[in-house]
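Report on the structure given below.
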Amino acid sequence: VKLPDRLDGEVDLGLAQVLVGGQRDDPARLALGHGEGAGAVAQVAGGRLEVERDRVVNLGLDAASREEGQQLVPSLGLHHVEVKHVALALAAWRDPAILSWAALPPAGWILAPLVAWWISRPRPAGRPPLSPPEVSFLRRLARRTWAYFEHFAGPEHNGLPPDNHQEQPEGRTASRTSPTNIGLGLLSAVAARDFGYVSADQLLLRTRRALDTMDRLDRYRGHFLNWYDTRTGRPLAPPYVSTVDSGNLAAHLLVLASALKEIETDPVVPPRWREGLQDTAGILRQESARARQRVGEAFLARLDRLESELATVRATGPEAAAFLARWGAELSTLEPASRGDTDVDFWLDALRRQCGDMHGDLLHLAPWLDPGEWPRLAAALPATGSGDGAVWRDDLEGRMSLGASAGAKARWDALIEAVRSDPSPERAALAGRLREWAAQACDRAGRRIAESRELAQRARELSEIDLEFLYSRSRK
């Protein structure tokens with residue numbers, strides 16, 4: 001921005017003449033000078049003003065504003081002691097009464113560095129806590145969002161999420177997808193597992209299906225093309241690369257690889273299985289209340305009772321396994337008075353699948369938690385304390401990580417011997433079962449860890465794209 005002559009020289013010297021030379025009777029000129037100076041004050045309050053030798057004004061944040069706040073004040077202040085400050089001091093020495101009306105604009109200029117420092121302070125971190133109804137609303141919204149990917153990104157579309165589904169005037173699914181859609185579909189499964197909507201087994205199954213399809217898709221120098229038919233996998237015409245979509249997918253794949261590595265350190269019992277079921281049951285309750293006459297009061301009463309049980313169950317492995325088995329049996333017989341409401345039917349089936357998935361995966365990794373087996377095993381465990389008894393109970397109740405489960409066979413040798421020390425036939429049989437369960441836990445946990453590592457490596461490889469052709473070496 002070119003600086004007018006009077007803004008730098010004439011105003012400063014003119015102000016000195018007005019203040020020192022006795023031109024107080026020229027308020028128009030003084031107001032003009034201070035009016036133009038006020039613009040500079042406003043600019044300095046929001047940034048930094050430098051007047052170069054070629055009389056060009058450069059505005060921008062001072063480098064010190066990127067550092068600690070206490071360094072900003074002296075850095076700014078050193079740039080703003082100019083002729084107007086000297087003029088004001090001389091005027092006050094000659095006629096102190098002038099300060100009563102002429103001091104305000106220069107005072108604003110002098111205080112500008114302090115104002116700039118104050119408004120540049122970093123805001124304290126923190127967020128207002130959400131109320132329980134707000135948390136419930138957001139979680140149910142997340143569950144409804146996952147339902148789209150859960151329902152559509154299946155075998156029919158080769159594990160890829162369709163671009164959209166039209167409900168009105170008739171149901172119609174757009175069987176096409178883009179790299180951004182694919183990436184969001186992959187991460188939606190990760191989020192669903194974090195929320196407690198699917199087990200790790202389902203996450204790996206969906207991820208493998210999608211990556212297998214992605215391996216078959218046409219690419220250009222590592223970049224996925226912008227549109228594919230989800231049923232055939234063929235690129236849609238005209239085939240082209242969108243650097244935005246391709247970059248999105250590359251980033252999503254790296255996040256996926258990192259998330260898959262976390263499976264190894266997660267506990268055997270999913271930490272949010274109960275909250276995930278509560279979200280799905282809550283949506284079923286909302287849809288059933290809307291269709292009260294169709295589903296009937298008896299259906300609503302049973303659903304209310306099931307939700308009340310879910311709210312009070314403890315999240316330990318034995319109680320989770322027992323509850324999921326009991327709840328699955330209840331849900332299998334839970335039927336509305338008349339089927340036909342699409343939304344109620346959809347969410348009832350979703351709740352059944354989710355309960356069955358959680359229960360099946362838990363017993364797959366920890367078969368001793370079966371309600372028919374656990375009571376005898378719990379009675380045979382040594383008393384809890386700070387020693388091996390507490391460690392064994394933590395392991396057996398599902399608090400150990402998947403990585404620890406892969407080494408359970410070696411850790412449980414002493415436990416098996418402790419159980420066998422009782423000569424009764426029941427204890428001998430239980431020791432044999434423990435040895436069998438330990439072998440199963442090691443094998444299944446090891447296989448899952450290997451699968452998650454393999455899929456993570458494949459995701460990283462698919463994220464590698466050639467960017468060389470995007471740059472023009474003739475331009476700098």
Side-chain angles (χ1 to χ4, degrees), residues 137-167 171-217 224 226-231 233 245 248-260 262-263 270 272-273 275-284 287 342-343 345-358 361 452 455-456 458-459 462-463:
F137 169 78
L138 291 174
R139 286 191 62 95
R140 290 177 184 179
L141 182 61
R143 182 62 183 91
R144 289 179 183 273
T145 303
W146 164 241
Y148 178 87
F149 296 96
E150 179 185 28
H151 181 71
F152 288 108
E156 181 182 0
H157 293 279
N158 295 294
L160 305 180
D163 186 69
N164 64 81
H165 174 75
Q166 172 184 296
E167 293 186 343
R172 182 179 301 173
T173 303
S175 56
R176 63 179 182 273
T177 196
S178 67
T180 297
N181 291 344
I182 295 172
L184 290 175
L186 291 168
L187 293 189
S188 71
V190 173
R193 177 175 170 274
D194 291 342
F195 274 99
Y197 304 148
V198 297
S199 66
D201 179 60
Q202 278 295 305
L203 168 61
L204 296 177
L205 176 65
R206 288 178 168 275
T207 301
R208 179 175 293 280
R209 182 186 294 146
L211 295 187
D212 287 347
T213 300
M214 293 171 68
D215 281 336
R216 299 192 298 268
L217 298 179
F224 286 86
N226 207 55
W227 291 106
Y228 297 94
D229 188 305
T230 56
R231 300 180 189 274
D245 282 82
N248 286 344
L249 178 55
H252 293 159
L253 287 167
L254 292 175
V255 174
L256 173 66
S258 179
L260 292 174
E262 294 178 358
I263 290 179
R272 296 187 181 89
W273 67 269
E275 290 86 346
L277 286 173
Q278 284 176 325
D279 294 339
T280 308
I283 296 175
L284 175 60
E287 299 298 338
T342 305
D343 291 330
D345 294 346
F346 177 89
W347 287 106
L348 178 57
D349 292 340
L351 186 59
R352 288 169 175 166
R353 286 195 310 272
Q354 187 174 332
C355 182
D357 173 35
M358 291 294 175
D361 194 54
S452 64
L455 293 176
R458 288 177 61 184
L462 286 171
S463 72

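When reading the values below, keep in mind they use all heavy atoms of this one structure, side chains included, and skip hydrogens, waters and symmetry mates. None of the values given here were measured: they were computed from a predicted structure.
- When atom types are taken as modelled, the side chain of T280 and the backbone of G276 share a donor-acceptor pair closer than 3.5 angstrom.
- Proximity of a side-chain donor or acceptor of R143 to a complementary backbone N or O of Q278 within less than 3.5 Å is not detected.
- Taking 4.5 Å as the limit, some side-chain heavy atom of D215 sits within range of a side-chain heavy atom of R458.
- Taking OH of Y148 as the reference point, atom CG of L184 lies at 11.0 Å (rounded to 0.5 Å).
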Derivation of the salt bridge (charged side-chain N to carboxylate O under 4.0 Å, His left out) call for R172 and E167: CA-CA 7 Å; R172 182 179 301 173; E167 293 186 343; over 6 Å; no

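- Going from atom CG of D361 over to atom CD of Q202 covers 8.5 Å, rounded to the nearest 0.5 Å.
- Residues R231 and S175 share a closest heavy-atom pair of NE-CB, 3.6 Å.
- Side-chain contact between L186 and H252 is absent, with no heavy-atom pair separated by less than 4.5 Å.
- Residue V190 comes nearest to L203 through the heavy atom pair N-CD1, 3.8 Å, listed as atom of the first residue, atom of the second, then distance.
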Verdict with supporting geometry, L256 and L187, side chain to side chain contact (heavy atoms under 4.5 Å, CB included): CA-CA 6 Å; L256 173 66; L187 293 189; 4.1 Å; yes

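- The closest side-chain heavy-atom distance from L160 to N181 is not below 4.5 Å.
- In summary, E287 and R140 do not engage in a salt bridge, as defined by a charged side-chain N under 4.0 Å from a carboxylate O.
- Aromatic pair H165/F152: centroids less than 6.0 angstrom apart.
- Pairing each heavy atom of P270 with each of M358, the nearest pair is CG-SD, 4.1 Å.
- Between I182 and M214 the shortest side-chain heavy-atom distance falls below 4.5 Å.
- A donor-acceptor pair is defined here as one N or O able to donate and one able to accept, closer than 3.5 Å; such a pair exists between the side chain of T177 and the backbone of P161.
- Rounded to the nearest 0.5 Å, atoms CG (L351) and CH2 (W347) are 10.0 Å apart.
- In plain terms, the two heavy atoms of Q354 and Y197 that are nearest each other are CG-O, 3.4 Å.
- Atom CZ of residue R208 and atom CG of residue L455 lie 4.5 Å apart, to the nearest 0.5 angstrom.
- To the nearest 0.5 Å, atoms CG (L284) and CG (D279) are separated by 12.5 Å.
- The CG atom of L260 sits 6.5 Å away from atom CG of L204, with the distance rounded to the nearest 0.5 Å.
- Panel note: side chain R272, backbone D194; a donor-acceptor pair is recorded below 3.5 Å.
- Side-chain atoms of T213 come within 3.5 Å of backbone atoms of N158 as a donor-acceptor pair (strictly under, hydrogens ignored).
- Heavy atoms only, all atoms of each residue included: R206 and A153 are closest at NH1-O, 3.3 Å.
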Candidate pair N226 and S178, rule side-chain hydrogen bond (donor to acceptor under 3.5 Å, both in side chains), full reasoning: CA-CA 5 Å; N226 207 55; S178 67; 5.8 Å; no

Audit row: S188, T145, side chain to side chain contact (heavy atoms under 4.5 Å, CB included) steps and yes/no: CA-CA 9 Å; S188 71; T145 303; over 6 Å; no

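- A 4.5 Å side-chain heavy-atom check between D229 and H157 finds every atom pair outside the cut-off.
- When every heavy atom of D245 is checked against every heavy atom of P179, the shortest pair comes out as O-CB, 3.5 Å.
- A donor-acceptor pair under 3.5 Å is absent between the side-chain atoms of H151 and the main chain of A147, judged by distance alone.
- Residues R139 and E275 are not paired through a salt bridge, judged by the lack of any N-O separation under 4.0 Å between the basic side chain and the carboxylate.
- Each of D212, L205, T207, L211 was scored for a side chain to side chain contact (heavy atoms under 4.5 Å, CB included) with R209, with one residue passing: L205.
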